2 protein chains.
Amino acid sequence: MPADETIQYPIATVDAVILTIEDDQVKVLLHRRDRDPFKGDWALPGGFVHVDEDADAEAAMRRVLAEKVGTNGLYLEQLASYSGPARDPRGWSISITHLALVPRGALEFEGGDVQLAALDALPDLAFDHARIIADARARLVGKGSYSTLPASFLPPEFTLGEMQKAYETVLGTQIDQSSFRRKVADLDLIEETGETRREGRRRPAKLFRLRDGIGTFDRTLATGLG
Amino acid sequence: MPADETIQYPIATVDAVILTIEDDQVKVLLHRRDRDPFKGDWALPGGFVHVDEDADAEAAMRRVLAEKVGTNGLYLEQLASYSGPARDPRGWSISITHLALVPRGALEFEGGDVQLAALDALPDLAFDHARIIADARARLVGKGSYSTLPASFLPPEFTLGEMQKAYETVLGTQIDQSSFRRKVADLDLIEETGETRREGRRRPAKLFRLRDGIGTFDRTLATGLG
DNA sequence: TCAATAGTGTCTGTCAGACATTATTAC
DNA sequence: GTAATAATGTCTGACAGACACTATTGA
């Protein structure tokens, strides 16, 4: 490690892939850039790491998200780092990216410079953000089949039908109702709230919530997905 | 993104967790630091990103490894980033860490400032490298049970007994011989070389190699591990 | 009653784990 | 033969997937 005083440090930024489900599609939150580079283009919400105030990259990410899209307290998971001389025209840069899966209701923003875009219909994106989103999607689908990850898209109270639908949306496949419920019951992931929800002219569904201490843990919820 | 000219960039480094199996134990390659900070302490091999010559963080990692421990052409996987004001006494820093799993025979070094240390018997380590190694270990064990990751520890030709032993070492459990072989056969991961290896007074074992195109892919090789 | 979804019960093929058995070598 | 590991065969319980069936509501 040359403790060389001539070392130049790269630009350090953080970017977030915030995913949610809307209209039975996985969507990503995009932010329109209001300055160069890529002024006017859509991009992941992101910004510089501030070494004078941020405790680490995740803290920088939370600060940026609060400033730009008004979200607070999201569960953030580190995704990967992207680096190189060409990805940012300002110079050799490192972006530390994060992933958040949130229920649609947890996002509040008034159109204009923020939008939710379906993963299958992304606009042109600034920097290498299209690649980052593609990687995030691969992670979501990959982990979706053997973890409780898709449950992160659910609001605090939900029906089993909604839960199954979230898994099907993430995985892009149909899941047998009976198998799904049996597995959920076996894993002891959720508990009844005691309430029901009636919607339209059909049998009302029981409401459930995630049990305490159920984070994202790796147990198969939906296997054999063709 | 304040295109603020007063932004200070953090120190950017790369560090590698190079794991191998020796004496039926998973070991990590450590390098003794020859300068401050932490001069004389054991640390992961690492160094600064050089923005004037590295194409990205992985290229920086390969350059550092070639310089410090003489390894080339390893398969490197990005692990995670670690950042903050306190982890490096030189200032607010980001380390982009990488993971490599290699057969013992692929590592060549003459003692002194490089050693292999068992994960269960690590010396005191510089920076936050103990934490990084703990995270790498968790990843190895976690992915070991549902992927071909442990096969990366095998030399080009190996017996089924060696393959099973590698899995058992990684997972820290016993695997039933019959189940293991059945699964390996079903997944079509390996092929016979046609050679055998005889060792001591017992039946010689057939030698196998990984089939073309078998990288690290996620299929259960050893399930139900207690 | 019908439509629509909620929720349950049952059968079956697959497969992991356990365990027994045979094969092959050096001594 | 004995010791030691290599390699294969067989049984069984668990469980995912398929699918049929019942439950409950509004109209």
Side-chain angles (χ1 to χ4, degrees), chain A residues 24 144-148 150 154 157-209 218-226, chain B residues 24 144-148 150 154 157-209 218-226:
Chain A
D24 294 337
S145 61
Y146 63 85
S147 82
T148 59
L154 299 171
E157 300 195 347
F158 50 86
T159 68
L160 288 175
E162 289 167 348
M163 187 178 183
Q164 183 175 341
K165 190 71 188 171
Y167 273 81
E168 291 177 338
T169 300
V170 167
L171 299 170
T173 57
Q174 299 289 102
I175 303 172
D176 179 76
Q177 187 190 36
S178 176
S179 303
F180 183 80
R181 286 167 185 247
R182 190 172 38 206
K183 202 63 194 280
V184 170
D186 287 351
L187 292 181
D188 214 29
L189 295 176
I190 61 178
E191 59 191 6
E192 299 188 18
T193 67
E195 309 283 304
T196 60
R197 172 184 300 163
R198 69 187 51 189
E199 202 168 359
R201 52 175 191 173
R202 60 174 183 265
R203 179 172 175 175
K206 290 182 189 167
L207 287 174
F208 293 82
R209 70 171 77 90
D218 293 354
R219 293 279 277 284
T220 301
L221 253 179
T223 52
L225 312 158
Chain B
D24 293 338
S145 61
Y146 63 85
S147 82
T148 60
L154 299 172
E157 301 196 345
F158 51 86
T159 68
L160 288 177
E162 290 167 345
M163 186 177 183
Q164 183 174 341
K165 189 73 188 171
Y167 273 82
E168 291 177 337
T169 300
V170 167
L171 298 171
T173 57
Q174 299 289 104
I175 302 172
D176 179 78
Q177 187 189 36
S178 176
S179 303
F180 184 80
R181 284 163 187 250
R182 189 173 38 205
K183 202 63 193 282
V184 170
D186 286 352
L187 292 181
D188 215 28
L189 295 175
I190 61 179
E191 60 190 8
E192 298 187 18
T193 67
E195 308 285 304
T196 60
R197 172 185 300 164
R198 71 186 52 188
E199 201 168 359
R201 53 176 191 173
R202 61 175 182 264
R203 178 172 176 176
K206 290 181 188 168
L207 286 174
F208 293 83
R209 69 171 77 90
D218 293 354
R219 292 279 276 283
T220 300
L221 252 178
T223 53
L225 313 159

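All chains are named by letter (A, B, ...) in the order of the sequence lines, taking the proteins before the strands, and each is independently numbered beginning at 1. What you see is a predicted model, and the numbers here were worked out from it, not measured in a lab. All values below were derived from every heavy atom in this structure, side-chain atoms included, with hydrogens, water molecules and symmetry-related copies excluded.
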**Q** Expressed in angstrom and rounded to an integer, what is the separation of B:Asp186 atom CG from D:dT8 atom C1'?
**A**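 In whole Å, D:dT8 C1' and B:Asp186 CG are 14 Å from each other.
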**Q** So A:Gln177, base contact, sugar-phosphate only, or nothing? Heavy-atom distance under 4.0 Å.
**A**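 Since a base atom lies under 4.0 Å of A:Gln177, the category is base.
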**Q** Check the distance between D:dT24's C1' and A:Arg197's CZ and give it to me in whole angstrom.
**A**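 Spelled out: CZ on A:Arg197 to C1' on D:dT24 is 17 Å.
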**Q** Give the nucleotide from the list C:dA16, C:dT25, D:dG17 with an atom nearest to the side chain of B:Pro204.
**A** C:dT25
**Q** Without decimals, in angstroms, what is the distance between A:Lys206 NZ and C:dT5 C1'?
**A** 15 Å
**Q** Would you state whether a donor and an acceptor, one from the side chain of B:Ser178 and one from the base of C:dG17, lie under 3.5 Å apart?
**A** no
**Q** Given atom CZ of B:Arg203 and atom C1' of D:dA6, what is their separation to the nearest angstrom?
**A** 5 Å
**Q** Tell me if a side-chain donor or acceptor on A:Gln164 pairs with a main-chain N or O of A:Ile175 at a distance below 3.5 Å.
**A**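 Yes: the side chain of A:Gln164 pairs with the backbone of A:Ile175.
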**Q** Locate the shortest heavy-atom distance separating A:Val170 from A:Gly144; write the atom from each residue and the value.
**A**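 Here A:Val170 and A:Gly144 meet closest at CG1-CA, 4.5 Å.
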**Q** B:Glu162 CD to D:dT5 C1': how many Å, rounded?
**A**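 Rounding to the nearest Å, CD of B:Glu162 and C1' of D:dT5 are 12 Å apart.
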**Q** Strictly below 4.0 Å: does B:Arg198 bring a side-chain N or O up to OP1 or OP2 of C:dA26?
**A** yes
**Q** Going from CZ on B:Arg197 to CZ on B:Phe158, what distance comes out if it is rounded to the nearest 0.5 angstrom?
**A** 10.5 Å
**Q** Can you tell me how far the CG atom of B:Asp176 sits from the CZ atom of B:Arg181, to the nearest 0.5 Å?
**A**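 The CZ atom of B:Arg181 is 10.5 Å from CG of B:Asp176, to the nearest 0.5 Å.
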**Q** Between D:dA6 atom C1' and B:Met163 atom CE, what is the distance in whole Å?
**A** 16 Å
**Q** Considering non-hydrogen atoms only, spot the tightest contact between B:Glu157 and B:Glu162 and give its length.
**A**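 Of all heavy-atom pairs spanning B:Glu157 and B:Glu162, the closest is O-OE1, 4.4 Å.
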**Q** By nearest nucleotide on DNA chain C, pick out whichever of A:Arg201 and A:Asp176 is the more 5' one.
**A**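 Looking at the nearest nucleotide for each, A:Arg201 comes out on the 5' side.
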**Q** Is there a donor and acceptor pair closer than 3.5 Å between the side chain of A:Arg182 and the base of C:dG7?
**A**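 Checked by distance alone, the answer is no.
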**Q** Take atom CZ of A:Phe180 and atom P of C:dT5, then tell me their distance rounded to the nearest Å.
**A** 17 Å
**Q** Starting from P on C:dC15, measure out to CG on B:Leu187 and report it in whole angstrom.
**A** 10 Å
**Q** Tell me which of A:Arg181 and B:Arg202 sits closer to the 5' end of DNA chain C, going by the nucleotide each one is nearest to.
**A**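 Mapping each residue to its closest nucleotide by heavy atoms, the 5'-most match is A:Arg181.
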**Q** Would you tell me if any nitrogen or oxygen in the side chain of A:Lys183 comes within less than 4.0 Å of OP1 or OP2 on D:dA16?
**A** yes
